[in-house]
Amino acid sequence: MDKKYNPKEHEEKIYKRWEKSGFFNPDNLKNTEKGNYSIALPPPNVTGSLHMGHALNTTIQDIVARFKRMRGKKVLWLPGTDHAGIATQNVVEKMLQKKGKTRHELGREKFIEKVWEWKEKYGNIILDQLKKLGASCDWSRTRFTLDKKYSKAVEKTFIHYYKKGLIYRGPRIVNWCPRCSTAISDIEIKYKEEKGKLWYIKYPLENKDGFITIATTRPETMLGDTAIAVNPKDKKYEKLIGKKVILPLAKRKIPIISHHLVDKDFGTGALKITPAHDNLDWKIGQENNLEIINVIGPDAKMTKEAGKEFKGLSVKDARKKVVEKLKKENYLQKVEDYPHKISLCDRCSSPIEPQISTQWFIKMEQLAKPAIKAVAQKRVNLLPKRYQRVYLDWLENVKDWCISRQLWWGHRLPVWFCENEKNKQCFVVSSEKPKKCKKCGATKFKQSNDVLDTWFSSALWPFATLGWPEKTKDLKEFYPTSFLSTARDIIYLWVTRMVISGLEFLNKIPFKDVYFHSTILSIDGQRMSKSRPKANVNPLDMIDKYGTDATRFGLMYSMSFGQQAIKFDERNLKASRNFINKLWNISRFIDMQLENKKIEIKNIESKTLADQWILSRLNKVIKNTTDNIQNFKLGEASDELYDFIWHEFADWYLEISKIQTQNPETKNSTLKILKLILCNIIRLLHPFIPFVTEVLYSQFNPLDELVMIAPWPKHKKEFQKEKIEKEFQIIQEIVNHIRSEKIKHYKIEKQEYKKLLTQKPKLRELIKSLTKIELEI
RNA sequence: GGACGGUUAGCUCAGUUGGCUAGAGCGUCUCGUUUACACCGAGAAGGCCGUAGGUUCGAGUCCUACACCGUCCACCA
């Protein structure tokens with residue numbers, strides 16, 4: 001064995017050995033009478049490249065998968081990727097842009113071809129990166145959300161909801177991203193604080209002197225105002241309700257109405273209503289039958305409704321011009337600085353323009369109910385516990401979900417519009433092109449141009465990957481899945497919707513335990529992002545520098561169960577690399593001690609206090625590690641293993657073993673115990689640091705066996721002895737004391753210590769050997 | 001505005017049901033090449049456990065308020 005462990009020499013070879021063994025595929029596992037255990041890998045986007053979050057999440061899942069495999073479960077960890085509608089389309093569009101082309105020039109079919117080409121070339125990079133992390137996924141079952149079978153499942157789902165009356169279509173105000181030119185759902189928006197202004201604008205009252213002042217952050221939208229609203233309880237405006245004002249610039253007459261949602265304490269307490277470009281205004285507009293005037297188009301430019309002089313201007317320019325004119329015409333009362341949040345597209349960071357557009361929605365209230373129940377009744381176990389509240393709060397107040405997107409890359413809606421001059425709104429919902437429309441008699445059809453929200457298909461991941469809607473063997477064996485590990489920022493986007501669809505289509509929860517892991521931040525406490533390359537740590541660089549095992553262990557070592565964020569500290573990886581090297585050298589030492597002798601770990605005799613102590617400690621550690629992994633407390637488990645192996649086994653027992661092997665009476669029993677402990681810790685560590693433990697396992701097992709499927713250590717209670725541990729602690733205390741005081745002669749004072757050393761005179765010898773000091777009792 | 005996290009050694013973090021003489025890794029300092037390991041060993045220094053109250057024989061741990069940092073939610077125009 002080399003003096004140092006060099007990960008690069010082993011990792012690739014070991015991974016190939018695992019793949020060759022076939023044991024990533026549950027069908028090849030033997031002795032799996034303990035039942036099935038399945039995990040669906042949260043599918044990374046095809047556009048994704050490995051970041052720290054993936055490294056963390058993959059490690060967590062791999063530890064659980066390997067642990068369960070060693071515990072005799074038939075483990076399936078199913079991998080795959082997500083087509084990631086907007087994200088992927090954007091990437092390919094950008095690529096085309098560099099060549100000076102747009103997707104529209106190419107046309108839909110050609111463009112989709114291009115995206116597929118891109119996907120074939122780059123889409124699996126991330127999966128290869130997961131392999132570098134040691135992921136024990138069954139790659140033979142890899143799925144993609146746009147696979148033919150998967151797409152069938154998506155279609156079936158849509159048709160099912162439609163037939164149930166849960167899907168409807170209609171004009172609504174939606175979050176419109178002008179850059180992606182599509183609608184997006186409420187949860188695909190992010191917010192950014194901006195130093196804005198609050199403009200106070202006077203709206204003159206009709207036929208009267210005087211005016212009502214409103215405050216707005218978006219003066220350009222006033223061109224589309226169709227009312228002013230005040231709170232019905234607001235006394236200062238009481239008498240004005242029902243009156244009319246003249247809208248400045250446009251010179252339209254618009255009514256003053258009342259609505260309880262108007263905050264009388266904000267601004268002047270009067271709110272201008274632009275139903276076409278604001279959520280609240282839309283709502284108030286609907287309830288009051290207000291006219292809708294679209295002044296901003298889907299391209300974020302002013303429309304002709306905005307008036308001749310504004311038409312074609314960008315929102316920004318229109319704002320400038322509107323403000324100038326208001327000032328000139330003396331409508332502007334004042335301007336205040338006003339920091340506020342603007343909404344941005346989560347994918348491309350363009351400002352969202354609320355727009356009225358015809359979209360498809362799914363009614364959520366009824367669907368949410370069983371999903372609420374499942375978690376409230378703990379059939380789905382969300383961990384850490386506090387996230388149950390987060391999950392429930394959202395579902396209890398859930399809004400309808402806009403599922404249509406004006407993109408090309410994705411699952412096209414199984415909706416066929418009738419090509420009929422008279423009725424352009426008539427359509428048939430069907431997986432195949434229909435022959436004839438029963439409603440309007442049309443025989444010619446055109447499929448809807450919209451595709452479904454990416455998350456609509458992701459919602460089916462736990463079962464569509466297993467072959468649903470067909471009743472496959474896999475579905476029967478591995479659904480519901482056992483465990484989901486994911487980031488908490490997709491609770492709403494993904495987790496809730498998987499629970500909903502699992503219950504709707506299979507009448508069973510999609511997973512038993514859900515663990516929301518910590519978010520990895522850079523060491524300055526900021527989110528890692530591409531815009532700050534220095535703070536953004538690439539896991540592959542870490543693997544290169546410290547090896548995969550150290551990267552994995554370092555992540556686990558920095559983690560603790562409930563915590564929300566981890567400030568990534570490279571020092572933990574370094575410490576882990578050193579720990580792995582320590583393990584390597586412990587093994588090397590034992591290997592040398594064994595002198596190629598075949599020592600069977602049978603009939604263990606513990607002849608000394610140290611023997612009994614280390615066996616007691618080992619068994620306690622086996623128990624705790626097992627419990628901790630079972631409860632997903634992987635940080636706690638790795639901490640304990642680190643401490644036990646380094647500071648108990650190596651620092652104490654190994655040193656004592658050097659003395660014990662000098663004595664023919666204790667030599668053999670000591671060697672046996674050394675080997676026994678080592679074999680156990682190799683197994684306990686395997687889920688965490690799979691590569692080095694596999695190498696070491698081969699070193700001590702000449703047979704071509706893999707630790708990957710070796711049985712998990714059993715906790716033997718009879719070895720665990722409190723009294724022995726206490727006695728050994730006394731020895732440690734005495735030795736530590738002697739060392740710290742650097743004394744040459746030591747007199748034992750404590751009665752308890754005297755008693756022990758009188759009872760067991762050999763311990764005096766031991767202390768002497770460890771400290772080279774004569775004891776006086 | 002609401003909800004949830006965090007605040008413990010110079011840095012990054014552990015501290016279960018209240019018993020702590022508050023721990024680890026890194027860093028600093030002092031020794032050290034002895035049957036594995038200098039990616040090592042032995043040791044040392046370093047803490048009013050965010051602030052202020054309260055409960056208790058006893059509080060880092062429980063309660064209340066506040067401050068700062070962070071995350072999520074909301075129809076703050």
Side-chain angles (χ1 to χ4, degrees), chain A residues 1-6 173 186-187 190-191 196 198-199 214-219 221 228-229 259-263 265-274 277-284 338 340-341 354 384 386-387 389-390 393-394 397 399 488-489 491-492 518-519 521 523 525-527 546-547 550 554 557-593 633 635-636 639-640 642-643 646-647 650-651 654-655 657-659 661-662 674 735-736 738-742 770-772:
Chain A
M1 285 173 85
D2 294 337
K3 221 171 168 182
K4 272 183 189 168
Y5 173 63
N6 180 4
I173 191 144
D186 293 341
I187 39 186
K190 59 185 177 189
Y191 297 93
L198 197 57
W199 283 272
I214 58 89
T216 179
T217 55
R218 299 199 60 189
T221 60
I228 280 184
H259 197 279
H260 68 281
L261 285 178
V262 178
D263 180 356
D265 297 324
F266 185 92
T268 61
L271 173 63
K272 68 185 223 33
I273 303 293
T274 323
H277 302 292
D278 182 272
N279 281 303
L280 177 62
D281 294 8
W282 159 264
K283 191 175 167 180
I284 294 175
Y338 183 66
H340 71 296
K341 280 175 187 167
R386 70 184 118 98
Y387 291 114
R389 199 62 263 155
V390 178
D393 282 348
W394 191 74
N397 301 297
K399 287 185 221 147
R488 66 174 182 284
D489 49 327
I491 295 181
Y492 307 143
S518 326
T519 311
L521 306 175
I523 199 150
Q526 305 270 97
R527 202 173 263 282
Y546 303 105
Y557 194 70
S558 12
M559 196 168 86
S560 67
F561 180 74
Q563 115 257 58
Q564 174 175 295
I566 296 171
K567 283 185 214 157
F568 179 77
D569 188 345
E570 199 173 323
R571 289 175 298 184
N572 281 330
L573 302 206
K574 205 172 165 187
S576 302
R577 184 256 265 141
N578 295 353
F579 169 64
I580 287 160
N581 197 240
K582 187 78 184 177
L583 174 72
W584 181 261
N585 275 291
I586 289 169
S587 309
R588 198 161 78 98
F589 171 74
I590 294 172
D591 192 48
M592 287 160 87
Q593 294 294 306
K633 300 195 167 178
E636 289 77 354
D639 278 5
E640 187 171 353
Y642 181 102
D643 276 351
W646 199 317
H647 298 307
D651 287 353
L654 235 64
E655 292 308 317
S657 82
K658 289 174 186 172
I659 301 158
T661 48
Q662 303 290 39
L674 281 173
V735 171
N736 288 342
I738 293 171
R739 283 172 176 167
S740 68
E741 303 290 319
K742 288 180 186 163
L770 291 171
T771 61
K772 312 218 154 51

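Every value quoted in this text rests on a predicted model; they were computed, and no experiment measured them. Throughout, a chain's letter reflects where its sequence line sits, starting with A, and its residues are numbered from 1.
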Write down the distance separating the [atom1] atoms in [N] and [M], rounded off to the nearest Å.
N	M	atom1	value
U16(B)	U61(B)	P	11 Å
G46(B)	A3(B)	C1'	39 Å
U64(B)	U21(B)	P	26 Å
C62(B)	G15(B)	P	12 Å
U56(B)	C13(B)	P	36 Å
C20(B)	G60(B)	C1'	9 Å

Are there any protein N/O atoms within less than 3.5 Å of an N/O atom in nucleotides 32-34 of chain B, and if so, which ones and at what distance?
none

Taking donor-acceptor contacts at under 3.5 Å, does the side chain of [X] reach the base of [N]?
X	N	result
Glu655(A)	A36(B)	yes
Arg571(A)	C11(B)	yes
Lys283(A)	C75(B)	no

For the residue pair [X] and [Y], what are the closest heavy atoms and their distance?
X	Y	answer
Leu654(A)	Leu674(A)	CD1-CD2, 3.6 Å
Lys4(A)	Asn581(A)	CA-ND2, 3.5 Å
Ile586(A)	Ala650(A)	CD1-CB, 3.8 Å

Residue-phosphate contact under 4.0 Å: [X] side-chain N/O, [N] OP1/OP2:
X	N	answer
Lys567(A)	G6(B)	no
Lys272(A)	A77(B)	no
Lys399(A)	C75(B)	yes
His340(A)	C75(B)	no
Ser558(A)	C13(B)	no
Asn578(A)	C40(B)	yes
Lys341(A)	C76(B)	no
Tyr191(A)	C72(B)	no

Provide, to the nearest angstrom, the distance between the [atom1] atom belonging to [X] and the [atom2] atom belonging to [N].
X	N	atom1	atom2	value
Met592(A)	U35(B)	CE	P	11 Å
Asn585(A)	A38(B)	CG	C1'	11 Å
Asn397(A)	C72(B)	CG	P	19 Å
Lys3(A)	U35(B)	NZ	P	13 Å
Asp651(A)	A24(B)	CG	P	12 Å
Tyr557(A)	A14(B)	OH	C1'	9 Å
Met559(A)	A14(B)	CE	P	11 Å
Asn572(A)	G27(B)	CG	P	12 Å

Taking the side chain of [X] as its heavy atoms from C-beta onward, which of [options] lies nearest to it?
X	options	result
Ala650(A)	A42(B), C39(B), A36(B)	A36(B)
Tyr642(A)	C4(B), A14(B), G25(B)	G25(B)
Tyr338(A)	C76(B), A24(B), G5(B)	C76(B)
Glu636(A)	G15(B), A77(B), G25(B)	G15(B)
Asp569(A)	C39(B), U71(B), G25(B)	G25(B)
Arg739(A)	G43(B), G5(B), U35(B)	G43(B)

Do the non-hydrogen side-chain atoms of [X] and [Y] ever get within less than 4.5 Å of each other?
X	Y	result
Leu573(A)	Phe568(A)	yes
Lys574(A)	Glu570(A)	no
Ile491(A)	Trp394(A)	no
Asp281(A)	Leu271(A)	yes
Arg588(A)	Asn585(A)	yes
Thr221(A)	Lys272(A)	yes

Base, sugar-phosphate alone, or nothing: which one does [X] contact when heavy atoms must sit under 4.0 Å apart?
X	result
Tyr387(A)	nothing
Asn279(A)	nothing
Asn736(A)	sugar-phosphate
Leu654(A)	base
Tyr492(A)	sugar-phosphate
Arg588(A)	sugar-phosphate
Arg488(A)	sugar-phosphate
Phe579(A)	nothing
Ala575(A)	sugar-phosphate
Lys633(A)	nothing
Trp646(A)	sugar-phosphate

Who is the Watson-Crick or G-U wobble partner of [N], with both distances under 3.5 Å?
N	value
C72(B)	G2(B)
G58(B)	none
U17(B)	none
A52(B)	U64(B)
G47(B)	none
C31(B)	G41(B)
U12(B)	A24(B)

Original post:
Of Gly267(A) and Val390(A), whose closest RNA chain B nucleotide lies nearer the 5' terminus?
Top reply: Val390(A)
Original post:
Within 45° of the six-membered ring axis of Phe589(A) and under 6.0 Å from that ring's centre, is NZ or CZ of Lys658(A) located there?
Top reply: yes
Original post:
Just checking, is any N or O donor in the side chain of His647(A) or Asp651(A) under 3.5 Å from an acceptor N or O on the other one?
Top reply: yes
**OP:** Could you verify whether a donor N or O on one side chain and an acceptor N or O on the other, from Arg739(A) and Thr771(A), lie under 3.5 Å apart?
**Re:** no
